[in-house]
Amino acid sequence: MQPRVRFAPSPTGYLHIGGARTALFNWLYARRNNGVFVLRIEDTDQERSTPASVQAILEGLKWIGLDWDEGPEVGGNFGPYFQTERLASYKRIGDQLVAEGKAYRCYCTREELDARRKAFGGEGFKYERTCRERKDQPTDKPWVLRFAMPLTEGVVSFTDEVLGKISKTYGDLDDFVLMRGDGIPLYNFGCVIDDHDMAITLVGRGQEHVNSTFPQLMLYAALGWQPPQFAHFPLILGADKEKLSKRKHKEADLMFHAKNGILPEALLNFILRIGWGHGNDEVVPREKMLEWFDFAHVGKTSGVWNPQKLTWLNQQYFKLLPIEVIAERLFPFLDQQGYSISKSDPRLLKLVKALRERAETLVELAQKSATYLRKGVEIDAAARAKVLTDDGKKVLAVADEMLKAVTEWTPPALEGVVKAASEKTGVGMGKVAQPIRVAVTGNTASPGIGDTLELLGKEESLARIAAALK
RNA sequence: GUCCCCAUCGUCUAGUGGCCUAGGACGCUGGCCUUUCAAGCCGGUGACACGGGUUCGAAUCCCGUUGGGGACACCA
């Protein structure tokens, strides 16, 4: 049987980084096993679901390069893929369960329930099945549909693909709400029906869902359906070791990283490595993920978000990716800084080539690029004091004369000038290169002096040197 | 509080009973290279939570303790 997995986000905000990883693991599993990756939108939270969130989620998935075989924008044979468009199924199954005595209408109001919960002492409250034996079923009063848990003693268990065997006794479960009177299903209900109707063979989701697996399993049993396999992935924690939450952790927003100049390749690699490992491999590009991913190596322990490792990975991809790709990614950041040069500007690729090993993010790469794109430069006070001393200026003046005579403004020729100036003045190459560097970049750090001067061009280089010499 | 899950360096991890005086990576740190800064290379720092078993042998299996996380909605 062809494996079918799904990613089922709730469109109540941007794509959560944990959701992105859940999507990645499911996607990888599907792609590895010749399966189908389904995207289903669980938009049954009337208050919080928005079309804008749906868009944000689709965009997020596209940004990290995860494509889906069925779902929004692409359709499929198991649609519709929005839960609010599948209400008829929920109603039909709900009616069936009531008819079979496996579910019942509960007329307790929210207020009553809240009061009872409060009297109980808050969380841990279990519905006392007040309406379970109720004989009348008025239709003019608001109600919700509740699942009738078997009153017998029993144990529900399943073998999780990553966690192993997990069990829970019936007594720990209560008559949970399946559907509201208005026909909107709750998570456990909609999820089970859709997974069944969409022929999902394996449900891969975050560990925060292991406890909801039990009521879902009860539902499968009541319906006489074969449940899918389950795989619960470890959570991603913040520096405070708590689950990454949108409220508390800014890094929980996938696109936050995009804005910070992280490459999607690096981010994907990073989230893969939280919770999954392959020997000593750290840099695992997409092709390798596709080749190596398996649930057997998904860990059980939650992982803490480590921003330093993320930036390190980003740098690895700066070195790995073709400069054309990086240039493409850099463009919006250059634009943002007000340096909108043409995409065909020959300086663009040279800039990336010279600076990519010296930057950790696209933001930093754009900032460093700015030095080479603007007219003139402001010299850092400390750099000036240290390097552009009287002696430094003397050497600079000598180099300046030689540079003016250069006809082939290429790195080898320019490096040659440094060497020649060094020989002529009798000082080391460093003593020649540094004054030039500070004069043209305003700072003590830059790519090789030949590349630096080439990037700037003859005219701009000489203008900056002249200004520094004044 | 109740239930569920988890437990290797600060962090991400390798490890599926002998290959482990526990390997890699990030970070931190010493050095090399060098016209600067990076990058790169070489080295250092640093962990099997604790206590009992099982076994010829345990980071690996079992039990307990402790610790951590998650779930306890007419959210998903």
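Chain A is the first sequence line, chain B the second, and so forth, proteins listed ahead of strands; every chain is numbered from 1.
- No hydrogens or angles considered: a donor-acceptor pair under 3.5 Å links the side chains of Asp43(A) and Thr84(A).
- Salt bridge absent: Asp194(A) and Arg6(A) never bring a charged side-chain N and a carboxylate O closer than 4.0 Å.
- Taking atom P on both G46(B) and C3(B), the two are 41 Å apart, rounded to the nearest angstrom.
- With a cut-off of 3.5 Å on both Watson-Crick or G-U wobble distances, the partner of C50(B) is given as G64(B).
- Per the geometry, CG belonging to Asn443(A) stands 13 Å off C1' belonging to A38(B), to the nearest Å.
- Closest approach of Tyr170(A) to Pro150(A), counting heavy atoms only: CE2-CB, 3.9 Å.
- Comparing C74(B), A38(B), U36(B) by their closest approach to the side chain of Ser446(A) singles out U36(B).
- Side-chain atoms of Ser446(A) and Thr441(A) form no donor-acceptor pair, as typed in the model, at a separation below 3.5 Å.
- U36(B): no Watson-Crick or G-U partner with both key distances under 3.5 Å is found in any strand.
- When both pairing distances are held under 3.5 Å, C41(B) makes a Watson-Crick or G-U pair with G31(B).
- Taking every heavy atom of both residues into account, Tyr317(A) and Ile326(A) meet most closely at O-CD1, 4.3 Å.
- Looking at Arg48(A) and Ser53(A), their side chains never bring a donor and an acceptor atom within 3.5 Å of each other.
- In terms of phosphate contacts, Lys319(A) brings a side-chain nitrogen or oxygen within less than 4.0 Å of OP1 or OP2 of G40(B).
- Nearest nucleotide to the Asn211(A) side chain, out of A38(B), C3(B), G27(B): C3(B).
- Pairing for G10(B) goes to C26(B), judged as Watson-Crick or G-U wobble with the two contacts each under 3.5 Å.
- Comparing Lys300(A) and Gly428(A) against RNA chain B, the residue whose closest nucleotide sits nearer the 5' end is Lys300(A).
- Non-hydrogen atoms lying under 4.0 Å from RNA chain B are contributed by Ser10(A), all within residues 10-18 of chain A.
- Between U66(B) and G27(B), the two P atoms lie 38 Å apart (nearest whole Å).
- No engagement by Lys126(A) is indicated, since no non-hydrogen atom pair under 4.0 Å with the nucleic acid exists.
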ask   = For every nucleotide of nucleotides 11-19 of chain B, 5' to 3': is a protein heavy atom under 4.0 Å from its base (B), only from its sugar-phosphate (S), or from neither (-)?
value = BBSSSB---
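- G1(B) is paired with C72(B) under the criterion used here, namely a Watson-Crick or G-U wobble arrangement in which both key atom distances are under 3.5 Å.
- Nearest heavy atom pair, residue Cys108(A) against residue Thr130(A), reads SG-CB, 4.0 Å.
- Side-chain atoms of Gln308(A) stay outside donor-acceptor range of the base of C26(B), with no qualifying N/O pair under 3.5 Å.
- What separates CD1 of Ile449(A) from C1' of U35(B) is a distance of 8 Å, to the nearest Å.
- For Leu235(A), the side-chain atoms get nearest to G70(B) when compared with the rest of A38(B), G70(B), U36(B).
- With sequence neighbours excluded, the residues that form a ring pair (Phe, Tyr, Trp, His ring centres under 6.0 Å) with Phe233(A) are Phe25(A), Phe295(A).
- Closest contact between the side chain of Ala445(A) and the listed nucleotides U36(B), C3(B), U35(B) involves U36(B).
- Taking the side chain of Val177(A) as heavy atoms from C-beta on, and the options C74(B), C4(B), C37(B), the nearest nucleotide is C74(B).
- A7(B) and C63(B) have their P atoms separated by 13 Å, with the value rounded to a whole Å.
- From Leu173(A), atom CG reaches atom CE of Met218(A) across 6.5 Å, with rounding to the nearest 0.5 Å.
- For the C1' atom pair drawn from U2(B) and C61(B), the interatomic distance equals 30 Å after rounding to whole Å.
- Pairing for U21(B) is absent, judged as Watson-Crick or G-U wobble with the two contacts each under 3.5 Å.
- Counting any heavy atom pair closer than 4.0 Å across all strands shown, Lys431(A) reaches no nucleic acid atom.
- In this structure, Glu112(A) contributes its side chain and Thr109(A) its backbone to a donor-acceptor pair below 3.5 Å.
- Look at the P atom in both C9(B) and G23(B): the space between them is 14 Å, to the nearest Å.
- Here, C20(B) and A38(B) have their P atoms 36 Å apart, quoted to the whole Å.
- When both distances must be under 3.5 Å, the Watson-Crick or G-U wobble mate of A59(B) does not exist.
- Nearest-nucleotide assignment on RNA chain B puts the 5′-proximal partner with Ser167(A), out of Ser167(A) and Glu360(A).
- A58(B) and A22(B) have their C1' atoms separated by 13 Å, given to the nearest Å.
- In summary, Asp95(A) and Lys91(A) engage in a salt bridge, as defined by a charged side-chain N under 4.0 Å from a carboxylate O.
- The separation of C12(B) from A47(B), taken at their C1' atoms, amounts to 13 Å, rounded to a whole angstrom.
- Glu460(A) and Arg464(A) are joined by a salt bridge, as a carboxylate oxygen and a charged side-chain nitrogen come within less than 4.0 angstrom of each other.
- Between the P atom of C41(B) and the CD atom of Glu357(A) lies a distance of 11 Å, rounded to the nearest Å.
- With rounding to whole Å, Tyr90(A) atom OH is found 16 Å from C74(B) atom C1'.
- In this structure, Leu173(A) atom CG and C72(B) atom P are separated by 13 Å, rounded to whole Å.
- The side chain of Val210(A) lies closest to C4(B) when the candidates are G1(B), C4(B), C74(B).
- Within 4.0 Å of Thr44(A), counting heavy atoms only, lie sugar-phosphate atoms of the nucleic acid but no base atom.
- Between Arg117(A) and G1(B), a side-chain N or O to OP1/OP2 separation shorter than 4.0 Å is absent.
- Whole-Å rounding puts the Gln46(A) CD to C74(B) P distance at 16 Å.
- Both tests hold for Arg146(A) against Tyr127(A): distance to the six-membered ring centre under 6.0 Å, angle to the ring axis within 45°.
- No contact: Pro142(A) has no heavy atom under 4.0 Å from any strand.
- Salt-bridge annotation for Arg329(A) and Glu265(A): present, with a side-chain N of the basic residue lying under 4.0 Å from a carboxylate O of the acidic one.
- If you measure from atom CE of Met429(A) to atom P of U36(B), you get 10 Å, rounded to the nearest angstrom.
- Nucleotide A25(B) holds its C1' atom 16 Å from the CG atom of Asn314(A), rounded to whole Å.
- Using a 4.0 Å heavy-atom distance criterion, Arg48(A) is classed as a base contact.
- One finds no side-chain N or O of Arg180(A) lying less than 4.0 angstrom from the OP1 or OP2 phosphate oxygen of A73(B).
- In the set C75(B), U36(B), A39(B), U36(B) carries the atom at the smallest distance from any side-chain atom of Arg437(A).
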